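Since the structure comes first, as structure tokens, the remarks are kept for the end.
Side-chain atoms are counted along with the backbone in the values below, which use heavy atoms only and exclude waters and symmetry mates. As the structure is a prediction and not an experimental result, all values here were calculated from the model. First listed ligand is number 1; within each ligand, the first listed atom is number 1.
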Amino acid sequence: MPVDLLSQPLQFVKGVGPRRSADLERVGLLTVEDLLLRFPLRYENRAGLTPMAALRPGHTATVVGEVLSSGIRPTRRPGFRLFEVVVRDASGAVRAVFPNQSFLKDVFHAQQQVVLYGPLEYRSGGLQFTNPEYEIVRGDGDDPDDAHVHTGRIVPIYEKVGSVTPRMQRSLVHQLLAQLPDEVMDPVPAAVRQGLSLPTRRDAILHTHFPPADTSVDDLNAFRTEAQRRLIFEEFFLFQAGLVLRKRRHADVRKTRAVQVDDRIREAARKALPFKLTPGQKVALREIVTDMQRPEPMHRLLQGDVGAGKTVVALLAALVAMENGFQVAFMAPTEILADQHYMTIRRLLEHTRFRVASLTGSLTAARKRAALAEIASGTTNLVVGTHALVEGAVEFRDLGLVVIDEQHRFGVMQRATLRGKGQQPDVLVMTATPIPRTLALTAFGDLDVSVIRDLPPGRQPIRTVARPESRRDEIYQLVRKELEQGRQAYVVYPLVEESEKVDLRAATEMAETLQTEVFPDYRVALLHGKMKADDKEQVMAGFARGDVHVLAATTVVEVGVDVANATIMVVEHAERFGLSQLHQLRGRVGRGAHASTCVLVYQAPLTEQGQARITTLTDTNDGFVIAERDLDIRGPGDFFGTRQSGLPTLRVGDLVRDHVMMEEARREAVNWLDDPARSKPLVEFLSANWAQRFGLVGIG
Ligand code: ADP
Ligand code: MG
């Protein structure tokens, strides 16, 4: 037996071989441990087998028996064939039919022992399974002892991996578990484990795959047995402990100097604003400025629904930094957004002594050189830009604060690069995608979080309606009514990356139709991401001035465009957008004193999911509620859309299903790491394994 079974490559395990190990490797299963820490898809109680004589129509049952006969049976419908198997046990026999699956003739053979599972019905004078799940539990050449691995107990059903069938995996796992040493290394400290009455790692692994006979199959299939929970806890505990460490390492870093705040600075900030902050904004600003006064750099996430006033809060934080002689970098995810931030910020800082510059990819080489020189010399106090700010050779004289808008589009890597640029600047990350608490804890577990929940006063809730495309005339009537009252409109067209060209053409045609046929008496303009920066700016400026009445746009307007006089938004093909994205889009209206409307135009018929999404939006304006539902509908991976979102690779835990345990794991991790002496082994383990294990940037 090898010294360490768990770390042994699967390739060298008896019965695996090169083809299967390659298939396993493709889904990330390299070692014995990888395989043993992969949960079954579900479990089946094959101890509770029904004797065939006791089968009843309408029931779902599992039977085991011997194949009596099998073959293809023609039917009266031309081209339609049934594959039929008859299976018997000591008490009787039953038929199973598989429509149009002739290939099964090479799978089933007389005298095999097979398991069938599924609902029964009465057909052609007898009981029958139609398309049951099946498993050949013993073929001709198999070891007769092997059968009890696959029947007569609660059995794990694994997901097929290439050439590795669920049954092969079950045999493989069974064989490996038999070799499991008495002591299995456990990264979870014994004290933590015992404190929560969790089983040992060894028992947990054994019972997750081959549960004791008295285990509830419902609990197993809900992944809430002690054994399963113990392994999920382990994963979450290690993940959270790594986050805590990463955060502590940041905390060891010192800024060159901290910000100081006095009455003069407070007054300057107050004067820059034409309005009073909401209570939510005040709290957030206080939290941010408190961080800025600390010796270690700030890492704070500012969350708030669209229009909650995050940008304004960030700008006040920027003023405090600049009053202290620091430079500020303000980063947006797109050029359009950067331009818009630039315009807003320049306007708000007009009467201050601070100089604002914009640095985007569209600058000419000469202008860019000049801008860079002014940033390097410190003449520029605040610079707005996109990735260009982190990627290029931008040197700051004294960078004190970095504001990042829309965090989920920036990777952790970029955050790290930026930090490396300046003198350990404070970092404030803003996101208008409300992030469910569970995910915030996971994706941003090393950030402090401020949330603005209220909206500036005077906002009227946006009325949202859904209309099928067939009612287009009525929809345009709604738009016309707004235009007649001097308001403006957005018409948004989805742009899907895979079909970008086609979509772009469709959006362009739509804009033309709107101009020539629907609203010939108003000015319609088209805005999309592929336009030249100057053209985009012209269109945007025209819409902001009110010269353009209808802005037909692709999703580039999603974040940031801020025109208070726009009161109606029509979203074409609303069924193609995600929930959070629709909510973001909708936030472009309802930004002024006038009541606003959002019309979701969909192509009927809607799928069930599409219907659920649209109803959620017509039902509520609360971004946090929407985010939670989005997470339910789409799952955490899709919620952020990209892999670089800072979400970990999880093996057994599920962020939605197991979110309560994530919080427990966090508490335990924080608590354990509080004592450096006892937590040394854990810290060493994490330093060696964490980054790779969770697919994230290291804890350094
Ligand atoms: P966010 O960045 O959260 O989407 P913004 O900071 O862009 O929100 O604010 C949205 C709009 O509300 C802007 O036009 C801004 O000037 C205005 N605003 C922000 N805070 C207030 C406030 N306390 N009172 C009145 N208007 C506000
Ligand atoms: Mg904003």
Side-chain angles (χ1 to χ4, degrees), residues 269-288 300-319 328 330-334 336-351 356 382 384 403-410 428-435 449-462 487-488 490 540 543-546 556-567 569 580-596 598 621-624 626-627:
R270 206 169 295 135
K271 274 215 314 253
L273 268 197
F275 42 69
K276 269 211 185 94
L277 292 182
T278 64
Q281 285 175 313
K282 274 192 197 151
V283 172
L285 183 62
R286 197 176 315 128
E287 287 168 347
I288 292 164
R300 186 169 284 276
L301 175 71
L302 177 57
Q303 268 200 67
D305 216 337
V306 217
K310 297 177 300 295
T311 310
V312 161
V313 169
L315 196 58
L316 290 176
L319 264 176
V328 176
F330 209 111
M331 294 210 309
T334 64
I336 290 199
L337 254 184
D339 289 347
Q340 182 138 46
H341 276 316
Y342 175 61
M343 288 194 268
T344 313
I345 291 171
R346 213 175 38 180
R347 181 161 42 83
L348 280 167
L349 296 185
E350 211 167 42
H351 303 293
V356 184
L382 187 154
V384 185
V403 178
I404 305 174
D405 197 5
E406 291 308 316
Q407 151 69 19
H408 57 287
R409 302 200 189 184
F410 280 100
L428 178 66
V429 170
M430 303 194 288
T431 177
T433 310
I435 296 163
V449 180
S450 296
V451 182
I452 305 177
R453 278 212 172 243
D454 42 12
L455 290 178
R459 290 284 167 79
Q460 303 203 39
I462 302 160
R487 304 284 89 77
Q488 291 162 278
Y490 294 101
M540 290 247 316
F543 191 63
R545 274 196 313 269
V556 286
V557 292
E558 181 186 334
V559 265
V561 176
D562 190 7
V563 176
N565 190 47
T567 53
M569 165 167 292
S580 296
Q581 211 186 358
L582 284 172
H583 180 63
Q584 291 265 328
L585 275 173
R586 171 168 71 178
R588 297 304 109 212
V589 293
R591 298 177 81 92
H594 304 284
S596 293
C598 174
N621 270 312
D622 185 329
F624 283 88
I626 290 167

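- Considering all non-hydrogen atoms of both residues, Y490 and V589 come closest at CD1-CG1, 3.9 Å.
- Of the residues V356, L382, I404, the one that meets the side-chain contact (heavy atoms from CB on, under 4.5 Å) test with F330 is L382.
- Looking at D305 against ligand 1, only its backbone comes within 4.0 Å, counting heavy atoms.
- In this structure, L273 CG and L348 CG are separated by 7.0 Å, a value rounded to the nearest 0.5 Å.
- For the pair L302/I452, a side-chain contact is recorded, criterion being any heavy-atom separation below 4.5 Å from C-beta on.
- Among R347, Q281, K310, the residue whose heavy atom lies nearest to atom 20 (N) of ligand 1 is Q281.
- The contact set between ligand 1 and K276, taken as ligand atoms under 4.0 Å from a residue heavy atom, comprises 22 (C), 23 (N), 24 (N).
- Across Q281, E287, R286, K310, a single residue satisfies side chain to side chain donor-acceptor pair (under 3.5 Å) together with S450, and that is E287.
- The shortest N or O to N or O distance between V312 and ligand 1 is below 3.5 Å.
- The part of R591 lying near ligand 1 is the side chain, judged by heavy-atom distances below 4.0 Å.
- Using a 4.5 Å heavy-atom threshold, the side chains of V313 and T311 count as separate.
- Within the listing of ligand 1, atoms 1 (P), 3 (O), 5 (P), 6 (O), 8 (O), 9 (O), 19 (C) sit less than 4.0 angstrom from a heavy atom of G309.
- Closest approach of M430 to A314, counting heavy atoms only: SD-CB, 3.8 Å.
- Atoms of ligand 1 found under 4.0 Å from any heavy atom of T278 (numbered from 1 in listed order, with element): 23 (N).
- On a distance-only criterion, P457 and ligand 1 share no N/O pair closer than 3.5 Å.
- By the 4.0 Å heavy-atom criterion, G304 is excluded from the residues contacting ligand 1.
- Ligand-side atoms of ligand 1 in range of L277: 23 (N), range being under 4.0 angstrom from any heavy atom.
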